[in-house]
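Right, one structure below, let's go through it.
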Protein chains: 2
Amino acid sequence: MATGRTHRPATRSRGIPEATVARLPLYLRALTALSERSVPTVSSEELATAAGVNSAKLRKDFSYLGSYGTRGVGYDVEYLVYQISRELGLTQDWPVVIVGIGNLGAALANYGGFASRGFRVAALIDADPAMAGKPVAGIAVQHTDELEKIIDDNGVSIGVIATPAGAAQQVCDRLVAAGITSILNFAPTVLSVPEGVDVRKVDLSIELQILAFHEQRKAGEEATPPERETAGTGEPGVATTPKPSSAASHRPAAGGSGGTGGHSVDGNRQGPDGDVPAVMPA
Amino acid sequence: MATGRTHRPATRSRGIPEATVARLPLYLRALTALSERSVPTVSSEELATAAGVNSAKLRKDFSYLGSYGTRGVGYDVEYLVYQISRELGLTQDWPVVIVGIGNLGAALANYGGFASRGFRVAALIDADPAMAGKPVAGIAVQHTDELEKIIDDNGVSIGVIATPAGAAQQVCDRLVAAGITSILNFAPTVLSVPEGVDVRKVDLSIELQILAFHEQRKAGEEATPPERETAGTGEPGVATTPKPSSAASHRPAAGGSGGTGGHSVDGNRQGPDGDVPAVMPA
DNA sequence: ATGTCTTTGTGAACGCGTGCACAAAGATGG
DNA sequence: CCATCTTTGTGCACGCGTTCACAAAGACAT
């Protein structure tokens, strides 16, 4: 899940579906592990298990790349590693720049997973003049002023944004203007980019929120008869929470919002609407 | 994209589609921004733009939550903020533990986006005895030995794994055994967990690889007649890369394969396999 | 060579997610 | 009270992705 952007025909021209592309790195990792153990071949079943997917899906994915397997035997590990690497464009070296050398940026700079996959940190860039020259992960941080020059000199086409949300769009614009066509965004903002530029985003807080949603659901299900009738609009107990009567106050009583705070939070399940008060205008 | 795990009926029981759940945090963020600017209402169109999605999609998403809008007017910002927060389970406080306080773990601990969304870092855990007691982001790191006790004492149900790949599964098992039911995994490994435990993964290197794929495609398209006939198996220049002749060497002839090597390698496109050496064992 | 056994590659069905387009709801003005 | 205008909520169709299930391909033994 990335590129919150509109939508894109993506891989339309060449056959490979986006979903498959997203899994190739997974297969590659599993294959690399096998390769290191000198395992000559793997069946789709084994590899699928290692990659955490369904074997049928894996075979279909590979079928988009071509017929690289041998019936009755499986896939040649080394060969497949190469084919996937080539498909992903990992047989060449990709210089990347990381902009925003805070905690996260520094962590990324130190992350070993990049180098091992053909990605080379060409430069670290930060807006803070005090950071300039300071070495992080063995590389001297450079000032934002140099951004365009750095990108141009190194032929960088992939940029990583690890700045605060407020600076992200601005940095993004400069990166794009400088020739970057792929961006990995860690800032919690929606970036708008021109046609032809790919953006993938990684948002830690969003991931946690999604987990929280499921966590809440799990907790709720224990307390409620498992398969509750799928009531039309509302959910089991919530029923008709009165919507703000339009024109009225655009300001639900935030005061008591401490919310579920004190009390047991009824078993767990979000009270049928017992805790609406927290927000609903009284 | 997360939970590489098999697959899950997910939200089946209660109506909300997984894809919608994944977008709720996005809407919430946009709404929070509006709220801070004291904007009373928004139309689906405006909000959709702010969140970087299609307005029809947004309306449909909201329709799963109930009818919270007013025709002719739009949505009440504050009210919607509350409804989505409640739906995501953010009206309650979620204590989380971060295991593996290396560069990334420390960055996560310092990340402000958590606290602002109802997530509280309950503890930082690391296997290195030398780390124990050291304060990171204002919290003293505790040793792995305490893991079970920490989780139990604080009623933690969400765990973040930021350890090296090798330790991830082991840590995961302990977390699960201790009662954790949601895991956010930053380690580049497929975690296997029992039924009922949710895992979402964030893999930096995978994201970059996906970008590299598209980047390569873009570069290739410039050099090739845009809409190349979708030739069956291979792609434009690659044609029939000889597969390992089964029983034979499980080791594609890397040497001679330089094959197409010499010639132009069409512009930018990854040479048909001209640069095999990079990956293939010589 | 022939038969058996394993595993791939894929046709086809299904289900989810997306986007269109429009009717219904409600606000607003006269 | 009625007309008009805005914006929601959703039925419907379409396309992508997943899964099943099986025929074909090839290895291997006899």
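Any value given below was found using the heavy atoms of this structure, including those in side chains, with hydrogens, waters and symmetry copies removed. In what follows, every chain begins at residue 1, and chains take the letters A, B, ... in the order their sequences are listed. Since the model is a prediction, treat every value here as computed from it, not as a measurement.
The CG-P distance, from B:Leu58 to C:dG17, rounds to 16 Å in whole Å. Between the CD atom of A:Glu45 and the P atom of C:dC5 there is a distance of 19 Å, rounded to whole Å. Remark: C1' of D:dG9 and CG of B:Leu80 are 14 Å apart, rounded to the nearest angstrom. In this entry the distance linking NZ of B:Lys57 with P of D:dG9 reads 18 Å, nearest Å. One atom, CZ of B:Arg59, and another, P of C:dA21, lie 13 Å apart when rounded to the nearest Å. Nucleotide D:dT10 holds its C1' atom 17 Å from the OH atom of B:Tyr68, rounded to whole Å. B:Leu65 places its CG atom 15 Å from the C1' atom of D:dT10, with the value rounded to the nearest Å. Atom CG in B:Asp61 sits roughly 12 Å away from atom P in D:dG9 (whole-Å rounding).
Across all non-hydrogen atoms, the minimal contact from B:Ala51 to B:Leu26 is O-CD2, 3.6 Å. When every heavy atom of B:Ala168 is checked against every heavy atom of B:Thr189, the shortest pair comes out as CB-OG1, 4.1 Å.
Judged by closest nucleotide on DNA chain D, A:Arg23 is the one of A:Gly72 and A:Arg23 placed further toward the 5' end.
Phosphate contact (OP1/OP2 of D:dT7, side-chain N/O of B:Ser44, threshold under 4.0 Å): absent.
Not a single donor-acceptor contact under 3.5 angstrom links the side-chain atoms of A:Lys60 to the base of D:dT18. In the interface, the side chain of B:Arg71 is paired with the base of D:dT8 through a donor and an acceptor atom under 3.5 Å apart.
A:Ser35 contributes no side-chain N or O that, together with a main-chain N or O of A:Leu31, makes up a donor-acceptor pair within less than 3.5 Å.
A side-chain N or O of B:Gln209 and one of B:Ser205 form a donor-acceptor pair less than 3.5 Å apart.
Distance from the side chain of A:Glu18 is smallest for D:dG17 among the nucleotides C:dT8, D:dG17, C:dA21.
As judged by a 4.0 angstrom heavy-atom cut-off over every strand, A:Tyr75 is placed among residues touching the sugar-phosphate backbone only.
Taking CD1 of A:Ile84 as the reference point, atom OH of A:Tyr68 lies at 9.5 Å (rounded to 0.5 Å).
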